[in-house]
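Reviewing the structure listed below.
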Amino acid sequence: MGKKVTRIGVLTSGGDAPGMNAAIRAVVRTGIYHGLEVHGIMRGYQGLIEDDIYRMESRSVANIIQRGGTMLKTARCKEFYDYDGRKKAYDNLKRRDINGLIIIGGDGSFRGAVEFSNEFDMPCIGIAGTIDKDIYGTDFTIGFDTAVNTAVEAIDKIRDTMDSHDRIFIIEVMGRDAGYIALHSGIATGAENILVPELKSNIDDIVSSLQEKERRKKLVNLIVVAEGDGFGGAVEVQKVFKKKLPKAEIRVCILGHIQRGGSPSCLDRLIASRMGYHAVESLMEGRYNVFVGILNNKMHYIPLENAVKNKGKISEEWMKIVKILAS
Ligand code: ADP
């Protein structure tokens with residue numbers, strides 16, 4: 001068992017994700033329920049270094065569960081990569097007698113938390129908040145479901161035009177170097193092809209199938225591409241196809257930042273509430289330097305080290321399903 005936690009800090013770091021507010025709310029209200037003092041840290045690790053920290057009350061998090069983004073704001077913080085920056089952050093926490101830190105963010109933020117907790121005596125606990133779902137050891141990350149639903153809604157609309165005009169559409173979705181948004185939104189919209197960074201795509205096969213469609217005068221094809229796929233995104237894929245199918249109308253649409261914003265889905269609000277609650281409980285039970293994940297609908301506490309060392313996998317089975325269902 002670890003030391004007794006009495007005063008905790010909470011921050012959001014890295015890319016924002018819908019549902020982060022719901023997680024902050026859960027942390028604040030669970031902490032207060034247990035008699036802890038809860039302090040909000042603005043702009044992630046940047047605010048920690050600059051001592052931009054304030055005491056939060058239950059009403060500080062009223063009316064935020066339905067809002068996208070993060071009320072604590074977020075940032076990418078260069079100084080935190082260096083020991084001196086992390087030392088400043090630690091000194092600020094120490095001076096304020098904060099003895100537990102909850103980090104809501106993606107794998108980069110967890111990497112920062114690993115460095116920080118290895119160097120300083122500060123119990124840290126992570127909450128997986130990223131639209132990319134690229135954190136090893138959890139079935140869900142906060143924001144993924146909302147992002148996928150946004151992508152699906154947009155792709156459905158594009159499909160109407162694609163079908164009306166007989167066009168090839170290449171749609172690029174977010175995910176950094178992970179293909180989950182592409183995989184899920186592609187399957188849900190009936191995409192003929194999905195290109196993800198985790199698996200090598202056979203472009204020659206796709207070209208042959210498109211040439212065959214062209215011969216049959218039925219050149220309608222939806223291709224969903226993850227931004228981090230091996231070709232360098234939708235524009236690069238378009239160049240490859242243009243060479244092989246010079247007469248075809250091939251359009252590109254990059255969905256971009258609309259996938260990050262918006263009101264969180266019900267699922268994201270639920271998992272954020274659950275993870276926020278369990279993060280506080282876990283700190284109080286003396287279990288830390290882990291992140292809160294959900295596996296097979298059960299809470300799991302995965303060492304932060306494991307999360308940053310391992311990568312999730314997209315199985316070949318998924319791609320087989322894509323192929324069979326699109327044929
Ligand atoms: P995300 O958490 O969404 O993956 P980033 O990769 O941008 O976003 O990471 C967020 C922040 O976490 C960075 O701006 C930096 O402050 C901190 N961070 C990331 N990696 C490290 C690292 N190896 N050492 C220290 N801090 C890190």
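In this chain, numbering begins with 1 at the start of the sequence shown. For ligands, and for the atoms within them, numbers begin at 1 and follow the listed sequence.
- For ligand 1, the atoms lying closer than 4.0 Å to a non-hydrogen atom of Gly14 are 1 (P), 2 (O), 3 (O), 8 (O), 10 (C).
- Shown in contact with Glu115 at under 4.0 Å from a heavy atom are these atoms of ligand 1, numbered in order with element: 24 (N).
- Those atoms of ligand 1 with a heavy atom of Arg86 less than 4.0 angstrom away are 25 (C).
- Residue contacts with ligand 1 for Arg76 involve both N, CA, C or O and side-chain atoms from C-beta outward (heavy atoms, distance under 4.0 Å).
- In this structure, Arg287 forms a cation-pi arrangement with Tyr301, its terminal cationic atom sitting closer than 6.0 Å to the ring centre and no more than 45° off the ring axis.
- Looking at Arg111 and Glu115, no side-chain N of the basic residue comes within less than 4.0 Å of a carboxylate O on the acidic one, giving no salt bridge.
- Counting heavy atoms under 4.0 Å from ligand 1, residue Gln46 does not touch it at all.
- Atom 2 (O) of ligand 1 has Ser109 OG, 2.5 Å as its closest protein atom, hydrogens excluded (heavy atom only).
- In this structure, atom 23 (N) of ligand 1 lies nearest to the protein heavy atom Arg111 CG, 3.8 Å.
- Side chains of Thr146 and Arg269: no donor on one and acceptor on the other come within 3.5 Å.
- Among all protein heavy atoms, the one lying closest to atom 11 (C) of ligand 1 is Ser13 OG, 3.7 Å.
- Any N or O atom pair closer than 3.5 Å counts here, and Arg176 shares at least one such pair with ligand 1.
- In the hydrophobic clustering of ILVMFWY residues, with side-chain heavy atoms under 4.5 Å counting as a link, Ile127 and Leu72 come out together.
- Among all protein heavy atoms, the one lying closest to atom 18 (N) of ligand 1 is Gly108 O, 3.3 Å.
- Selection from Phe110, Phe80, Phe116, Tyr45 by nearest heavy atom to atom 25 (C) of ligand 1 gives Phe80.
- Looking at His39 and Glu37, their side chains do bring a donor and an acceptor atom within 3.5 Å of each other.
- Between Gly15 and ligand 1, an N or O atom pair is found at a separation short of 3.5 Å.
- What sits closest to atom 13 (C) of ligand 1 on the protein, heavy atoms only, is Tyr81 OH, 3.6 Å.
- Taking the six-membered ring where the residue is Trp, Phe120 and Tyr90 present parallel rings, their angle staying beneath 30° rather than reaching 60°.
- Ring geometry for His184 against Phe144 counts as perpendicular: the plane angle is over 60°, on a 0 to 90° scale with 30° as the lower cut.
- Taking the side chain as every heavy atom from C-beta outward, Met174 and His257 approach each other to under 4.5 Å.
- For Arg43 and Asp52, the salt-bridge test passes: some basic side-chain N is under 4.0 Å from an acidic carboxylate O.
- Shown here is Lys242, whose NZ atom has more than 12 heavy atoms of other residues, nucleotides or ligands within 6.0 Å.
- A heavy-atom separation below 4.0 Å is found between Asp107 and ligand 1.
- Considering only non-hydrogen atoms, atom 26 (N) of ligand 1 lies nearest to Gly112 out of Ala113, Gly112, Cys77.
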